Amino acid sequence: LDKKKILYVQTSGPGEPRKLYAPFILAQIAVDSNIEPTIYFLGEGIQVVRKGIPDKIKLGNFDVLKNVIDRTVKRGVKLLVCSHSMKAWGEYLTPDDFVEGTEVVEASTLNNLVLEYDGTMWF
Amino acid sequence: LDKKKILYVQTSGPGEPRKLYAPFILAQIAVDSNIEPTIYFLGEGIQVVRKGIPDKIKLGNFDVLKNVIDRTVKRGVKLLVCSHSMKAWGEYLTPDDFVEGTEVVEASTLNNLVLEYDGTMWF
Amino acid sequence: LDKKKILYVQTSGPGEPRKLYAPFILAQIAVDSNIEPTIYFLGEGIQVVRKGIPDKIKLGNFDVLKNVIDRTVKRGVKLLVCSHSMKAWGEYLTPDDFVEGTEVVEASTLNNLVLEYDGTMWF
């Protein structure tokens, strides 16, 4: 049987820090469960994987967010960044502005993945 | 083959302006990709299509939100407003309070559409 | 035919009170429509069903949130609380900290339910 695939979509940004850990933690759990996870960063959510930003986020009992991201990448989870969001707010970000392990994709990718994946989660 | 259908659900309102553009942009891209999109406004999200409000929202490189909404309607995207949310916060809004191209529907509609559509997105 | 199942996921907490009523109202409507609903509380969302908190939330024309929760439980809707979120922010909550009718489950449960249910909603 093919692996099931779950898409985790991060639309909230560093202004809502308590919504940032769950996608990474659930994606790592998915790998353990033989599910194929991808995390998609959209709108303000792309700031979560912008170089320098997750290094400064640490909540409660969790590790620094950057370390959580690095472990997630090492587990083989794909991190996709919406290119349309990179120029949305008047900045012109480039792929180099994002942490290692991220891939920039066209805005239309999200529509396609939502139709293709077996489940989606929204944070 | 039948067209695939995506439901975009707006639960955030004008207090989170960076979550407001994506549904309209993705719905327009969906039309280009031969996908049938519908946008559903719920809770605080109904304020996004309330007359007078999107005229005052403009972020970064994006056009005034009202213009984005108008173009989305012209592309044939359906905009549905939850009737239950119209009286939720102590105001009594009527269908006339919403921008052209919106249709007011019963609260139960969302349950039905989520089960019927091929994919959903939550903002 | 088997009943269709909808999973409502609450990721927003008491800081966003206008996002808290919809899952309970839609779940009650689901019961009326012969749909099987479950509400899942994650991250900051677990505070919504923490003893003492929903008693203090009341918005617009809605009843006190605690009363809405109680009616939802009486209709047979399952309320699931993510155990991982209970220790996330430096507190160590126990099942007794949550209102009657809630059940604490492992973090992995969300991945499984998203794949199993016929539709999901995110608040």
Side-chain angles (χ1 to χ4, degrees), chain B residues 4-20 22-23 26 38-50 53 80-94 97 104-123, chain C residues 1-40 42-45 48 57-65 68 72 75 77 110 113-123:
Chain B
K4 293 286 187 182
K5 293 193 281 192
I6 295 179
L7 186 70
Y8 303 84
V9 186
Q10 182 73 68
T11 65
S12 303
E16 299 181 79
R18 293 187 172 200
K19 293 186 180 172
L20 307 185
L26 287 162
T38 297
I39 310 178
Y40 197 100
F41 301 88
L42 180 75
E44 193 67 356
I46 71 169
Q47 303 294 333
V48 177
V49 285
R50 190 172 169 184
I53 292 186
L80 305 181
V81 175
C82 169
S83 66
H84 203 79
S85 305
M86 290 166 60
K87 55 189 181 193
W89 317 128
E91 293 188 295
Y92 291 87
L93 301 172
T94 72
D97 290 311
V104 173
V105 296
E106 292 300 307
S108 58
T109 306
L110 185 57
N111 285 336
N112 298 333
L113 294 183
V114 162
L115 291 174
E116 175 195 337
Y117 273 54
D118 298 293
T120 63
M121 302 206 197
W122 301 81
F123 298 93
Chain C
L1 273 174
D2 280 348
K3 273 190 186 185
K4 294 285 186 183
K5 294 194 279 192
I6 295 179
L7 184 70
Y8 304 83
V9 186
Q10 183 72 67
T11 65
S12 304
E16 301 181 78
R18 292 189 172 200
K19 293 186 179 172
L20 307 185
Y21 281 90
F24 298 104
I25 292 168
L26 286 163
Q28 291 189 42
I29 292 174
V31 173
D32 294 334
S33 308
N34 204 32
I35 295 163
E36 186 179 323
T38 296
I39 311 179
Y40 197 100
L42 180 75
E44 192 68 356
V48 176
I57 297 173
K58 190 202 171 312
L59 281 188
N61 293 321
F62 288 115
D63 197 356
V64 172
L65 187 58
V68 175
T72 306
R75 298 296 306 277
V77 178
L110 185 56
L113 294 182
V114 162
L115 291 174
E116 174 195 338
Y117 274 53
D118 299 293
T120 63
M121 303 205 196
W122 301 81
F123 298 93

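Protein chains get the first letters and strands the later ones, always in sequence-line order, with residue 1 at the start of each. Source: prediction; values computed, not measured.
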Trainee: List the atom of B/Ala107, the atom of C/Ile29, and the distance in Å for their closest heavy-atom pair.
Mentor: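 Closest pair (atom of B/Ala107, atom of C/Ile29, distance): CB-CD1, 3.6 Å.
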Trainee: Hey, what do you get for CG (B/Leu110) to CD1 (C/Ile6), rounding to the nearest 0.5 Å?
Mentor: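 Nearest 0.5 Å value for the CG-CD1 distance: 7.5 Å.
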Trainee: Under 4.5 Å from any heavy atom of chain C, what part of B/Leu42 do you find: side chain, backbone, both or neither?
Mentor: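 It is the side chain, since no backbone atom gets that close.
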Trainee: Chain B and chain C: which donor-acceptor pairs fall below 3.5 Å?
Mentor:
residue	atom	partner	partner atom	Å
B/Ser12	OG	C/Lys19	NZ	3.0
B/Glu16	OE2	C/Lys19	NZ	2.8
B/Glu44	OE1	C/Arg18	NH1	2.7
B/Lys87	O	C/Asn61	ND2	2.3
B/Ala88	O	C/Asn61	N	2.9
B/Tyr92	OH	C/Asn61	OD1	3.4
B/Tyr92	OH	C/Asn61	ND2	3.3
B/Asn111	OD1	C/Tyr8	OH	2.6
B/Asn111	ND2	C/Leu26	O	3.1

Trainee: Let me know if C/Leu59 has heavy atoms under 4.5 Å from chain B in its side chain, its backbone, both or neither.
Mentor: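 The answer is both parts of C/Leu59.
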Trainee: Examine whether an atom of C/Ala22 lies under 4.5 Å from a heavy atom of chain B, and if so say whether it belongs to the side chain, the backbone or both; otherwise answer neither.
Mentor: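 Just its side chain gets close to chain B.
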Trainee: Nearest 0.5 Å, what's the SG-CG distance between B/Cys82 and C/Leu26?
Mentor: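 One finds 7.0 Å between SG of B/Cys82 and CG of C/Leu26.
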Trainee: Show the numbers, then the answer: is there a side-chain contact (heavy atoms from CB on, under 4.5 Å) between C/Met121 and B/Val9?
Mentor: CA-CA 9 Å; C/Met121 303 205 196; B/Val9 186; over 6 Å; no
